[in-house]
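Scroll down for the structure; my scribbles are underneath it.
For this chain, numbers begin at 1 and follow the sequence in order.
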Amino acid sequence: MEKLSMASTMFCAVVLAALAAAAGGEAAVVEHTFVVHEMNQTHLCNTTKIYVVNGQLPGPTIDITDGDTVVVHVVNRLPHGLTIHWHGVRQMRSCWSDGAGFVTECPIPPGGEHMYRFNVTDQVGTLWWHAHVTCLRATVAGAFIIRPRGGRYPFPTPARDVPIIIGEWWELDLVELDRRMHDGNFDDNPLSATINGKLGDLSNCSGKPEESFVLDVVRGETYLLRIVNTALFSEYYFKVAGHTFTVVGADGYYLTPYKTDMVTVAPGEAIDVLMAADAPPAHYHMVALANQPPEPDPQIPGFVSRGLVRYAGSSHNNNGLPVPTPLMPSQHNTMPSYYFHSNLTGLAHPDRHRVPMHVDERLFFTLGLGSICRGTNKTCERGRSPETIVVATMNNVSFRHPTNASLLERYYDGRTSGLYTEDLPDHPPHPYNYTDRSLIPPGPLEKALEPTFKATKLRRFRYNTSVEIIFQSTALLQSDSNPMHLHGYDFFVLATGLGNYNPKTDPKKFNYHNPQLRNTVQVPRTGWAAVRFVTDNPGMWYLHCHFEFHIIMGMATAFIVENGPTPETSLPPPPPEFKRCGANGLTQP
């Protein structure tokens with residue numbers, strides 16, 4: 001892996017010109033209808049009930065131009081409620097359409113309908129959409145493509161762009177999976193990884209290989225791969241044998257071009273890469289491999305999917321030669337992820353995207369596990385005891401998600417008593433050696449740090465506040481990385497590091513010149529990440545880890561951003577299509 005040595009000043013000039021090119025058509029209203037329903041699909045010799053949109057897996061791609069307005073009519077034909085979240089869309093002054101279940105709205109009831117309407121401006125690249133109630137995002141998800149105005153990219157226009165949706169195949173019903181995890185059972189695992197819904201030929205049933213995703217290419221052309229990780233459980237490594245990538249964007253913003261032979265994509269992330277079809281015409285395998293922390297972390301099986309890059313003019317049987325397969329890292333080697341993410345930088349942000357140099361609020365969030373006693377017991381044995389339920393925490397608080405009310409609706413109405421408090425701690429209650437891996441297996445020190453509690457604790461900010469957050473992954477009961485996603489905002493990723501964050505020396509590593517602008521930051525395993533943003537979007541905004549088990553376990557909160565001094569800096573009333581919560585915790589007809 002290496003940074004491109006091309007003259008970055010020329011590249012920056014091109015991107016600024018591209019961003020300024022407003023010519024090429026007026027903004028449009030792009031409408032879709034999403035019918036969410038059950039469908040049977042057979043893999044690995046078993047037929048499984050899955051949940052899909054319009055009969056598609058992955059779901060339909062939303063394809064718009066910067067400046068367009070999106071209208072999506074959602075028809076819920078499932079036997080339970082759901083919402084749809086537009087992951088990474090800024091939702092400026094449109095928090096009502098964010099689609100975060102029980103945060104910005106109550107779920108759409110069975111048989112119900114809902115319309116989402118929002119504008120997308122000053123974002124270009126790849127985002128995605130997904131269900132945001134229970135574990136349904138494993139199959140109810142799809143790409144959200146935003147094209148530049150005037151059609152000009154800050155790189156050679158690709159021959160074609162192709163969404164690469166990396167996911168997981170679950171044989172267990174996803175609603176049942178959610179129920180089990182809420183009961184503290186985290187022993188279930190997917191059976192395979194998927195690439196665009198295909199398990200690939202490494203999985204088989206009675207000796208017959210599963211169907212693979214096939215990307216047809218023409219030698220000499222370049223393809224823009226829009227790689228999205230929709231998985232519930234794992235970060236993924238992605239490679240194509242005999243080919244390299246140039247990373248050019250992530251999370252709806254351009255990056256300084258970065259050349260690599262492997263992409264690392266965490267749950268919630270969207271990475272844009274150029275792949276030149278410059279190999280001899282033949283067949284080449286693409287591989288998506290999940291990475292997992294090594295022991296003594298709790299171990300889960302390895303998940304992998306294999307697809308195919310097929311050149312035009314190549315023989316059906318690849319001339320009788322074996323199809324090349326890329327050499328992948330060890331499943332338990334998480335360092336390539338750290339190096340990949342730390343080598344990415346932003347590209348020539350316009351003046352409106354300058355890093356705030358003054359900081360009004362500094363937060364230090366530890367991310368880890370803890371436990372609560374089962375039932376009504378006040379005391380219990382710790383150390384992964386059957387007397388406890390393991391939960392996830394931020395600053396030793398495990399978030400209690402509402403189940404019958406919308407935080408945004410109640411905040412807007414001024415009816416918050418008994419629903420939440422605004423006292424999420426700025427720092428952990430007891431400093432300790434956060435990355436001491438002896439805390440992973442139960443022991444005396446771990447047991448002393450393990451007790452926690454559940455509560456709906458939020459954090460309030462004034463409008464136009466400069467906020468800095470240090471996310472610190474810990475080794476308490478596990479040493480997972482943590483892909484932290486903030487709704488309604490993008491933040492500058494100033495730096496990441498391994499070990500414990502040092503407030504005296506680590507700020508010297510901050511990149512104020514060209515940091516990435518992201519909506520999801522991969523906080524390294526037993527490491528830290530520093531991000532900064534300005535609260536310029538009033539509303540109620542969900543912050544959470546994008547590992548589904550961490551969300552359910554409580555690694556989450558919400559930020560309240562107050563209105564600014566003018567109507568243009570304030571959250572407007574709910575739009576006419578917004579449906580309020582009923583007494584049953586679902587939206588009213």
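Note: F461 and F559 have perpendicular aromatic rings, judged against thresholds of 30 and 60 degrees for the angle between ring planes. Using cut-offs of 30° and 60° on the angle between ring planes, the pair W128 and H546 is tilted. Taking the six-membered ring where tryptophan is involved, the planes of F155 and Y254 are perpendicular, since the angle between them exceeds 60° and thus also 30°. Below 30°, between 30° and 60°, or above 60°: for H87 and H130 the angle between ring planes is between 30° and 60°, a tilted geometry. Classification of the H132-H544 ring pair by plane angle, with boundaries at 30° and 60°, yields perpendicular. Ring geometry for F549 versus F233: interplanar angle over 60°, hence perpendicular rather than tilted (30 to 60°). Ring pair F510/W528 is tilted by interplanar angle, where 30° to 60° counts as tilted. Taking the six-membered ring for Trp and thresholds of 30 and 60 degrees, Y501 and F364 have ring planes inclined between 30 and 60 degrees apart. By the 30° and 60° cut-offs, the orientation of the rings of H85 relative to H487 is parallel.
Contact annotation: the side chain of W129 approaches that of V140 to within less than 4.5 Å [non-hydrogen atoms, C-beta and beyond]. The shortest side-chain heavy-atom distance between D66 and T121 falls under the 4.5 Å cut-off. A heavy-atom distance below 4.5 Å is not found between the side chains of F365 and N482. Counting only heavy atoms from C-beta outward, the side chains of V52 and H37 approach each other to under 4.5 Å. Side-chain contact between S481 and Y338: absent, with no pair of heavy atoms (C-beta onward) separated by less than 4.5 Å. Contact of the M92 side chain with the N119 side chain is not registered, since no non-hydrogen atoms from C-beta on lie closer than 4.5 Å.
Screening residues 529-544 for salt bridge (charged side-chain N to carboxylate O under 4.0 Å, His left out) gives R90-D536, E468-R532 as the qualifying pairs, with residues at least two apart or on separate chains. Note on residues 528-589: pairs passing disulfide (SG to SG under 2.5 Å), not counting sequence neighbours, are C106-C581. Note on residues 114-144: no pairs pass disulfide (SG to SG under 2.5 Å), not counting sequence neighbours. Judged as a side-chain hydrogen bond (donor to acceptor under 3.5 Å, both in side chains), not a single pair has a partner in residues 53-62 (not counting sequence neighbours). Among pairs with a residue in residues 95-107, none fulfils salt bridge (charged side-chain N to carboxylate O under 4.0 Å, His left out), at least two apart in sequence or across chains.
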### Task
Verify salt bridge (charged side-chain N to carboxylate O under 4.0 Å, His left out) between R147 and D63, making sure each step is shown before the conclusion.
CA-CA 8 Å; R147 301 188 184 279; D63 195 329; 2.9 Å; yes
### Task
Determine, stepwise, if the pair Y420 / K457 fulfils side chain to side chain contact (heavy atoms under 4.5 Å, CB included).
CA-CA 6 Å; Y420 64 79; K457 291 182 177 289; over 6 Å; no
### Task
Could you walk me through whether E548 and R137 pass salt bridge (charged side-chain N to carboxylate O under 4.0 Å, His left out), step by step?
CA-CA 9 Å; E548 190 69 21; R137 85 155 194 266; 2.5 Å; yes
### Task
Could you check E269 against N229 for side chain to side chain contact (heavy atoms under 4.5 Å, CB included), going step by step and ending with a plain yes or no?
CA-CA 6 Å; E269 288 189 312; N229 184 344; 5.6 Å; no
### Message
Let's go through L224 and V248 carefully: what are the C-alpha distance in whole Å and the side-chain angles of both, what is the deciding distance for side chain to side chain contact (heavy atoms under 4.5 Å, CB included) to 0.1 Å, and is it a yes or a no?
### Response
CA-CA 9 Å; L224 176 58; V248 293; 4.2 Å; yes
### Task
Could you please spell out the steps behind the side chain to side chain contact (heavy atoms under 4.5 Å, CB included) verdict for I551 and Y542?
CA-CA 11 Å; I551 299 175; Y542 195 31; 3.5 Å; yes
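S94 places no side-chain N or O within 3.5 Å of a backbone atom of S97 that could act as its donor or acceptor partner. Looking only at distances, a side-chain donor or acceptor of T566 sits under 3.5 Å from a matching main-chain atom of T569. In this structure a side-chain-to-backbone donor-acceptor pair under 3.5 Å is present from T474 to L367. T83 contributes a side-chain N or O that, together with a main-chain N or O of G99, makes up a donor-acceptor pair within less than 3.5 Å. Looking only at distances, no side-chain donor or acceptor of T587 sits under 3.5 Å from a matching main-chain atom of R580. A donor-acceptor pair is defined here as one N or O able to donate and one able to accept, closer than 3.5 Å; such a pair exists between the side chain of R93 and the backbone of S570. Panel note: side chain N196, backbone P163; a donor-acceptor pair is recorded below 3.5 Å. Under the 3.5 Å distance criterion, the side-chain polar atoms of Y116 are matched with a main-chain donor or acceptor of I84. A side-chain donor-acceptor contact under 3.5 Å links N76 to the backbone of H80. A donor-acceptor contact shorter than 3.5 Å links the side chain of T535 to the backbone of T465.
More than 12 heavy atoms of other shown residues, nucleotides or ligands fall within 6.0 angstrom of atom CZ in R415. For R462, the CZ atom sits in a loose shell: 12 or fewer heavy atoms of surrounding residues, nucleotides or ligands are nearer than 6.0 Å.
In terms of heavy-atom proximity, P572 sits nearest to Y412 at O-CE1, 4.1 Å. Summarising the geometry of K579 relative to Q588, their closest heavy-atom pair is CD-O, 3.5 Å, with the distance given to 0.1 Å. Scanning all heavy atoms of the two residues, the minimum distance from P109 to L586 falls at CB-CD1, 3.8 Å. The two residues Y236 and A231 make their nearest non-hydrogen contact at CE1-CB, 3.9 Å.
Rounding to the nearest 0.5 Å places CD1 of I165 at 6.5 Å from OG1 of T230. We find the CG-CD1 distance between L407 and I560 to be 8.0 Å, quoted to the nearest 0.5 Å. Remark: T452 OG1 to I372 CD1 distance equals 8.5 Å, nearest 0.5 Å. A distance of 11.0 Å separates CG of L494 from CD1 of I469, quoted to the nearest 0.5 Å. In this structure, the separation between NE2 on H430 and OG1 on T366 is 11.0 Å, given to the nearest 0.5 Å. Here the OG1-CD1 distance, from T126 to I146, works out to 8.0 Å after rounding to the nearest 0.5 Å.
A search for side chain to side chain contact (heavy atoms under 4.5 Å, CB included) contacts involving E31 returns V29, V71, H73, not counting sequence neighbours.
Counting only N and O atoms by type, the side chains of S466 and D360 include no donor and acceptor under 3.5 Å apart. No side-chain donor-acceptor contact under 3.5 Å links T496 and S342. Between E235 and Q522, the side chains place a donor N or O and an acceptor N or O closer than 3.5 Å (distance only, hydrogens not considered). In summary, the side chains of N395 and H427 do not present any donor paired with an acceptor at a separation below 3.5 Å, with no hydrogens or angles considered.
Results of the side chain to side chain contact (heavy atoms under 4.5 Å, CB included) test with F399 over V391, L458, T393 single out L458 as the only residue that passes.
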